[in-house]
There are 2 protein chains.
Amino acid sequence: MATIRDVAKEAGVSVATVSRVLNDNGYVGVETRKRVLETIERLNYSPNEVARSLYKRKSRLIGLLLPDITNPFFPQLARGVEDEVNQAGFRLLLGNSDEEATKELDYIQTFEQNHVVGIISATNNTDRENYENIDLPVVFLDRTSKHHPSVFADGREGGRLAARALIDRGSTKITLIKGPAHVQPAQDRFQGALAELSKAAVDFSVLGTTSYAFEEAKTWAEELFTKHPETDGVIASNDIVGIAILHEALRLGKSIPDELQIIGFDDIPLSSLSYPSLSTIRQPAYEMGKEAAKLLIRMIKKEQEIDQMIQLPVSLIERNTTRKVDKDE
Amino acid sequence: MATIRDVAKEAGVSVATVSRVLNDNGYVGVETRKRVLETIERLNYSPNEVARSLYKRKSRLIGLLLPDITNPFFPQLARGVEDEVNQAGFRLLLGNSDEEATKELDYIQTFEQNHVVGIISATNNTDRENYENIDLPVVFLDRTSKHHPSVFADGREGGRLAARALIDRGSTKITLIKGPAHVQPAQDRFQGALAELSKAAVDFSVLGTTSYAFEEAKTWAEELFTKHPETDGVIASNDIVGIAILHEALRLGKSIPDELQIIGFDDIPLSSLSYPSLSTIRQPAYEMGKEAAKLLIRMIKKEQEIDQMIQLPVSLIERNTTRKVDKDE
DNA sequence: TTGAAAGCGGTACCAG
DNA sequence: CTGGTACCGCTTTCAA
């Protein structure tokens, strides 16, 4: 690995001059600049980011903290973030917290130790004290915070849309699945749906769940149909759960969407490949990631607090686990 | 942020001493050590990784390069890698190459610029020259290389298993989907299946595809049934494609697995949630990630070339898109 | 327009 | 057992 000194020596100039052409600031004679550039090329030199970070006390790294990349919703967020930060010349330090406070703290510490310029966090931690004395721009993604800028989808509206969709399409005994209590977006959806169901002329019941894992989704699906065999409409807490319910319903020989309508949440890529394909409330995950990254970068550039909450719209994706709505209603 | 000098001054010792207790090497009086430790605690000091990296010329970062985290197979690999490197005290710098050589090179450059101690790459790039003059341990994941240690699943055997499964269960007009030509594991599967089909008493045809994307999977599914309407067994190039085909088959009113058997590849989490649930050849993705990380860490520790190829076994996961096999056969 | 030199925050060698 | 100090590779005054 060539260093700036090698380049300087080869080009017959000082390291200061090389640094100047590297960073394109300060005065450099046009002749000199050319010679330096040539030498850089010839030596295949590329500056040591670590040394740079040390002096500047900031790197070109951004920390991204997720609950679990294995959950199909998060890769999309992550890609949005990555694509956007890359454009601005940053790279990602990635961590999965698994909802464990210790891991989360450990990652935050590594982020700081490595001089990241900002952090994007999509975790569900309750104790926000983890983030209180971070002296860096932080944006929360897929959840809101009173203390930090955040980017999220309109969960309440999503819940409402889901409920309305089922009601409009004739379900009268609806089961609403309530996601894990500590997952904020899940609660927003739940509240939205609850509100809408409450003011409609339908029977409904609530089924509480405690996590989003694949295996457990199956368990709840079974639980759902033993507890509420008569249900004719299900609002799932997300697409995984929705697909698990669809699976179980088909196994029980129910006809979808005639006997039972199902609506999911998120619109993960695979939801269009279920059969019947899953109707769902779409969250623009990729865009959310991008927005979060944009916001963070703005904060980094301006070096000032931009206390912003960016709410992205959700939308109903009508596929085949819901009936066609009566147009003349 | 407190520095080592602050600690030294507070504790009334030299920075050298603080460094010694920090790294637990060299002699430090038990009394002194205690005092330093207390001060560290009190000042909430944690060492600056960047400064450390600069001096040591190596960080505690590992670079992970994937084709696309959005493809459900890769998050599993990534988690395996992450969990294992974390245990050894390393963190991940993540990059998605999107099969673009430029991006791949850019990431490799950032990895080097940031002093990563090793690289794990799961890309499909053909020109291995990208990796030729890297002066770092590199392990390839989910693909083999003559020039570097690698960790991968037994794709040929997987292909064979898939073909045999269908044949044993009575399919006689099999369609074999050939994945993208530049994706090595896809070709291994294909070759394995091809070999097995060739020596069996069945008719078969091959359908070539060019990518793994969700949208295109649907297109091929349609293409499949127009070109080969009479097929009674499909070997998909992966689970996404398998699920897309299942979807299309159901749409066309085919009964699964009676009229048509389908077998996928990978065993991504969602494949058990399709209906009927997808039979598939399982690759132990998480374990593959872990093995790759272990191997890399061994290379880092020993600072020597360990030229190893680790092949992990695949297995047939019988679910409901294949018939029950005749036990007395 | 250019160069010398003082750091950035650690580590490790050499004295004592 | 402890301290002084020369780096690691780059950026940025300050002088020339």
Side-chain angles (χ1 to χ4, degrees), chain A residues 1-37 39-40 43-61 89 109-117 135-136, chain B residues 1-37 39-40 43-61 89 109-117 135-136:
Chain A
M1 272 286 101
T3 77
I4 199 174
R5 261 169 260 276
D6 299 332
V7 176
K9 194 182 298 173
E10 278 285 308
V13 297
S14 76
V15 295
T17 304
V18 179
S19 176
R20 285 190 196 103
V21 349
L22 238 33
N23 298 287
D24 216 15
N25 58 17
Y27 296 86
V28 180
V30 59
E31 217 9 83
T32 320
R33 139 172 269 102
K34 211 172 76 185
R35 194 146 32 92
V36 171
L37 252 15
T39 317
I40 288 178
L43 265 48
N44 194 8
Y45 165 78
S46 89
N48 182 328
E49 272 303 321
V50 178
R52 211 172 234 176
S53 305
L54 178 58
Y55 184 87
K56 309 248 256 181
R57 290 167 164 126
K58 52 164 81 166
S59 68
R60 293 186 185 175
L61 266 22
Q109 195 181 26
T110 345
F111 289 166
E112 291 183 315
Q113 289 182 321
N114 284 286
H115 283 184
V116 303
V117 280
D135 190 26
L136 282 171
Chain B
M1 273 283 103
T3 79
I4 197 173
R5 267 167 251 275
D6 299 331
V7 176
K9 193 183 298 174
E10 278 285 308
V13 298
S14 76
V15 294
T17 302
V18 179
S19 177
R20 284 188 199 104
V21 348
L22 237 36
N23 297 287
D24 216 14
N25 60 16
Y27 297 87
V28 179
V30 58
E31 218 8 84
T32 320
R33 140 172 268 100
K34 213 174 73 186
R35 193 146 33 90
V36 171
L37 252 17
T39 317
I40 287 178
L43 266 49
N44 193 9
Y45 165 78
S46 89
N48 181 328
E49 273 302 324
V50 178
R52 212 174 232 173
S53 305
L54 178 58
Y55 185 87
K56 309 248 259 184
R57 290 167 166 124
K58 52 164 79 165
S59 69
R60 294 186 185 177
L61 266 22
Q109 193 182 28
T110 343
F111 291 166
E112 292 183 316
Q113 289 182 320
N114 285 284
H115 284 185
V116 303
V117 280
D135 190 27
L136 282 171

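Order of the sequence lines sets the chain letters (A, B, ...), proteins ahead of strands, with each chain counted from 1. No experiment lies behind these values; they were computed from the predicted model shown.
- Regarding N23(A), its CG atom lies at a distance of 4 Å from the P atom of dT11(D), rounded to whole Å.
- Between K56(A) atom NZ and dT13(D) atom C1' there is a gap of 14 Å when expressed in whole angstrom units.
- Regarding contacts with the backbone of dC10(D), a side-chain N or O of Y45(A) is found under 4.0 angstrom from either OP1 or OP2.
- At a cut-off of 3.5 angstrom, the base of dG10(C) holds at least one donor-acceptor pair with the side chain of R5(B).
- Sequence order on DNA chain C of the closest nucleotides to E49(B) and R33(A) puts R33(A) first from the 5' end.
- When the side-chain nitrogen and oxygen atoms of S53(B) are compared with OP1 and OP2 of dC8(D), none of them lie within a distance under 4.0 Å.
- Atom-to-atom, CD1 of I4(B) to P of dC8(D) comes out at 18 Å; the value is rounded to the nearest Å.
- At the heavy-atom level, V50(B) lies nowhere under 4.0 Å from the strands shown.
- Within the 4.0 Å cut-off from OP1 or OP2 of dT13(D), not a single side-chain nitrogen or oxygen of Y55(A) is found.
- Taking atom CG on L54(B) and atom P on dT11(D), their separation rounds to 12 Å, with Å as the unit.
- If you measure from atom CG of D6(A) to atom C1' of dC10(D), you get 13 Å, rounded to the nearest angstrom.
- Across all strands, V18(A) comes closer than 4.0 Å to no nucleic acid atom at all (heavy-atom distances).
- Taking side-chain N and O atoms only, T3(A) has no distance below 4.0 Å to OP1 or OP2 of dG9(D).
- What separates CZ of R20(A) from P of dT1(C) is a distance of 11 Å, to the nearest Å.
- Toward the 5′ end of DNA chain C lies the nearest nucleotide of M1(B), the other residue of the pair A16(B) and M1(B) mapping further downstream.
- Dashed line: the shortest gap from a side-chain N or O of T17(A) to OP1 or OP2 of dG3(C) is under 4.0 Å.
- Closest to the side chain of P47(A), from the set dC10(D), dG4(D), dG9(D), is dC10(D).
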